[in-house]
Visitor: 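I am attaching a structure below and will ask some questions about it afterwards.
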Amino acid sequence: MRYMTTIGEREFVIEILDEQHISVDGKVFTVDFDSVGDQPVYSLLVDGRSFEAYVYPGEEDWQVLLHGRSYTARVEDERDRRLRIASGAGVGAEADFQLKSPMPGLVVAVPVSEGQEVRQGEVLVVLESMKMQNELKSPRPGVVARLRVQTGDHVEQNQVLLTVASLSGAGADLGKKEE
């Protein structure tokens with residue numbers, strides 16, 4: 001499994017090769033990693049060099065204290081990264097958003113229809129891949145402009161599933177209920 005780890009402005013590609021070997025940006029290291037007691041303290045041997053680190057999980061990142069310095073690390077596996085990118089994290093409010101499949105799979109549900117207004121975070125498509133169901137959500141409010149798939153379709157990675165257009169008109173608020 002490959003992980004993308006961001007520390008500060010730098011990104012590292014980490015791949016777990018086996019129980020004793022990892023690759024960091026293509027360079028292979030021999031490692032031994034173990035927790036020490038019931039504390040968030042870990043003993044790490046890297047190519048025979050010993051390190052001790054305090055590791056605290058946050059909501060979206062990890063806090064690591066190593067050699068008296070504190071680091072914030074964000075870790076994503078390949079699947080999570082593809083889902084985040086496919087969901088359009090960082091998409092502008094005015095541009096049309098094309099939801100692309102982050103992986104090959106089977107469309108098991110399309111709970112929206114063309115012309116439907118959607119909220120940010122609303123599920124647009126449910127995709128099954130490797131026996132897991134993934135909810136692909138809207139990155140912002142908008143209108144489903146074009147559906148390109150339906151339930152039962154098999155899709156390829158990066159295939160466009162649907163388009164969400166920006167809301168037109170000032171003061172549109174999907175959060176309000178009509179009375």
Side-chain angles (χ1 to χ4, degrees), residues 1-92 95 97-109 120-140 148-149 153-162 164:
M1 174 70 73
R2 288 170 39 127
Y3 297 89
M4 281 46 81
T5 303
T6 306
I7 300 173
E9 298 295 317
R10 182 132 185 245
E11 183 174 277
F12 301 89
V13 177
I14 300 172
E15 186 171 3
I16 299 173
L17 303 174
D18 59 39
E19 289 184 16
Q20 295 184 335
H21 297 93
I22 65 167
S23 167
V24 178
D25 291 339
K27 185 175 180 186
V28 176
F29 296 92
T30 301
V31 297
D32 185 23
F33 182 76
D34 202 7
S35 64
V36 179
D38 293 334
Q39 300 297 316
V41 179
Y42 294 87
S43 171
L44 176 64
L45 290 173
V46 179
D47 287 341
R49 294 179 55 205
S50 179
F51 300 91
E52 188 174 277
Y54 295 84
V55 180
Y56 303 93
E59 287 186 29
E60 294 185 13
D61 53 25
W62 296 82
Q63 298 298 314
V64 179
L65 182 62
L66 179 68
H67 293 299
R69 286 192 62 193
S70 179
Y71 301 90
T72 300
R74 179 179 178 159
V75 180
E76 293 180 290
D77 65 29
E78 289 177 297
R79 178 181 167 273
D80 288 342
R81 173 169 268 192
R82 285 193 307 265
L83 287 171
R84 179 178 56 81
I85 291 169
S87 73
V91 169
F97 166 69
Q98 291 190 330
L99 177 66
K100 295 181 181 180
S101 178
M103 63 201 76
L106 173 69
V107 176
V108 294
Q120 179 176 346
E122 188 169 339
V123 176
L124 301 173
V125 174
V126 179
L127 181 68
E128 183 176 289
S129 181
M130 297 174 60
K131 298 182 183 178
M132 293 182 65
Q133 289 194 1
N134 303 284
E135 293 182 339
L136 306 181
K137 300 177 180 181
S138 182
R140 59 174 166 80
R148 296 176 183 249
V149 294
D153 285 353
H154 289 274
V155 296
E156 297 299 320
Q157 184 173 356
N158 294 321
Q159 180 177 335
V160 176
L161 307 176
L162 59 81
V164 175

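For clarity, every value in this text was computed on a predicted model and none was experimentally measured.
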Visitor: Is the shortest side-chain heavy-atom distance between Val107 and Val125 below 4.5 Å?
Guide: yes
Visitor: Any luck finding a side-chain donor-acceptor pair between Thr72 and Gln63 under 3.5 Å?
Guide: yes
Visitor: Out of curiosity, Asp47 CG to Asp32 CG, how far, rounded to the nearest 0.5 Å?
Guide: 12.0 Å
Visitor: Who are the ring-ring contact (aromatic ring centres under 6.0 Å, His included) partners of Tyr71, not counting sequence neighbours?
Guide: none
Visitor: Any idea which heavy atoms bring Val126 and Val123 closest together, and the distance?
Guide: CG2-CG1, 3.9 Å
Visitor: Taking C-beta and beyond as the side chain, do Arg148 and Gln98 meet within less than 4.5 Å on heavy atoms?
Guide: yes
Visitor: Between Asp25 (side chain) and Val13 (backbone), is there a donor-acceptor pair under 3.5 Å?
Guide: yes
Visitor: Rounded at 0.5 Å granularity, tell me how far CD in Glu52 sits from CG in Leu45.
Guide: 11.5 Å
Visitor: Measuring only between side-chain heavy atoms, which start at C-beta, is His154 closer than 4.5 Å to Leu106?
Guide: yes
Visitor: For a quick test of reading the model, state the closest non-hydrogen atom pair linking Ala53 to Val64 and the distance between them.
Guide: CB-CG1, 4.3 Å
Visitor: Would you give the length of the straight line joining atom CG of Asp61 to atom CZ of Arg74, rounded to the nearest 0.5 angstrom?
Guide: 8.5 Å
Visitor: Quick one: CD on Glu19 to CD1 on Ile22, what's the gap to the nearest 0.5 Å?
Guide: 14.0 Å
Visitor: Any sub-3.5 Å donor-acceptor pair from Thr5's side-chain atoms to Val75's backbone N or O?
Guide: no
Visitor: Taking all non-hydrogen atoms of both residues, which atom of Leu127 and which atom of Ser101 are closest, and how far apart?
Guide: CD2-OG, 3.3 Å
Visitor: How many angstroms lie between CZ in Arg2 and CD1 in Ile14, if you round to the nearest 0.5 Å?
Guide: 11.0 Å
Visitor: Check whether any side-chain heavy atom of Thr30 sits under 4.5 Å from a side-chain heavy atom of His21, and report yes or no.
Guide: yes
Visitor: Kindly give the heavy-atom pair with the smallest separation between Ala73 and Ile7, and that separation in Å.
Guide: CB-CG1, 3.9 Å
Visitor: Taking CZ in Phe33 as the centre, count heavy atoms belonging to other residues, nucleotides or ligands within less than 6.0 Å. Is the count above 12?
Guide: yes
Visitor: If you look at every heavy atom in Lys137 and Gly121, which pair is closest and at what distance?
Guide: CD-O, 3.3 Å
Visitor: Gln20: which residues meet the side-chain hydrogen bond (donor to acceptor under 3.5 Å, both in side chains) condition with it, sequence neighbours left out?
Guide: none
Visitor: Is the shortest side-chain heavy-atom distance between Leu124 and Leu161 below 4.5 Å?
Guide: no
Visitor: Work out which heavy atom in Pro104 is nearest to a heavy atom in Ser129; give both atom names and the distance.
Guide: O-OG, 2.9 Å
